[in-house]
Amino acid sequence: MSLSSPYQDPALCRALLDRLQTALDGRELRFMEVCGTHTVAIFQSGLRSLLPREVTHLSGPGCPVCVTHDAEVAAFLDLAGRDGVIIATFGDLLRVPGPGGRSLKHAQARGARIEIVYSPLDALNIAAANPGDTVVFLGIGFETTAPTVAATLMLAEQRKLDNFCVLSLHKLVPPVLRALLDDKDGCGVQAFLLPGHVSTILGLEPYGFLASEYRVPAVVGGFEPVDILQALCIMAEQRRDDAPAVVNAYPRAVSDQGNPRARALLETYFMPSDALWRGLGLIPDSGLALRPAYERFDAMKRLDITLPDVPPLPGCRCGQVLKGRITPPQCPLFGKACTPASPVGPCMVSTEGSCAAYFKYMA
Ligand code: SF4
């Protein structure tokens, strides 16, 4: 990593580490990040090894591929076997193992029509080029990705591309934070490092319950070492002062109000729905479904897709990793049967997965 940015300045980092140590004053701080980019940034910058011993870093359910449930992967595989269907998906999803260890990559090798795209707009262009087929975009991801899907639906309407649809399995961050705190066998999280990207859309208000109901400090943080350390200092100071609050420590990218235009677009096309999360199960109103007015773009309805009951991946403990209950090396398969070259679970597949990050930077 280049050290040219002021947000990577070693002297500033040292000063922030001193401030953190002072604020901790011997108290433990178990913080969780809920963003795959934070997971990687904390490892890549070397911060993890510099943190005071009182600080425990937990990785949460912030990697979109990792939280995609086995039943959802099974639905993708079912879809891949249908005639007249072209699947358009982000590349990470291709290698996620489903029931029996099968993945979309295996399906593609057997002839399924699966296209890797870099944006949902690419999927729309595939639909335009293949008018005799139905193009299904696999809609995974959080509040950051979903507005781009909503914008694509708007364009599909304008371009009258009726052979385009979305399998919306998007997930929402605030409900999963509540579910983590309500989990009786939880990991004892004491503070959240809130996701910078998601917060550019949401702003601060949707996180208010963390401080007001659960008395848990929650800080929106950027992705550079100085950003992350500053967020940790604020968390530790809030705990020292018994003054939990939701704070924006990333104002150069996140406005306290978020992005109202993106939220309006989301609300036009989507409505909250129950969603399945790997490791956490069904969480009420934690997903996004297409509104009835846009049923024609809803792959779930149009192609009569159901999420089957499937057993979890044998031996894989991604669910425990995503809830912060274990660290990846505590999974018996880590670095042995499960490596990035031969992943058993999704947390080893995605570049934002914590198993992959541990393997790359700690193993
Ligand atoms: Fe799953 Fe592999 Fe991580 Fe174990 S090491 S939790 S099998 S992804």
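Counting starts at 1 for both ligands and their atoms, in listed order. Index from 1, following the sequence.
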task: Could you name each residue pair satisfying salt bridge (Lys or Arg N to Asp or Glu O under 4.0 Å) that touches residues 235-249, not counting sequence neighbours?
output: Arg19-Glu237, Arg215-Asp242

query: If you measure from the Lys or Arg side-chain nitrogens to the Asp or Glu carboxylate oxygens, is any gap between Glu224 and Arg252 under 4.0 Å?
result: no

query: Do Ser199 and Tyr207 meet the criterion of a side-chain donor-acceptor pair at a distance under 3.5 Å?
result: yes

query: Within 45° of the ring axis of Phe164 and under 6.0 Å from its six-membered ring centre, is that where the NZ or CZ of Arg159 lies?
result: no

- prompt: According to the interplanar angle, ranging from 0 to 90°, do the rings of Phe359 and Phe334 count as parallel (below 30°), tilted (30 to 60°) or perpendicular (above 60°)?
  reply: perpendicular

message: Restricting to distances shorter than 2.8 Å, give the number of protein N, O or S atoms close to atom 2 (Fe) of ligand 1.
response: 1

- prompt: Parallel, tilted or perpendicular: which describes the rings of His57 and Phe43, with under 30° parallel and over 60° perpendicular?
  reply: tilted

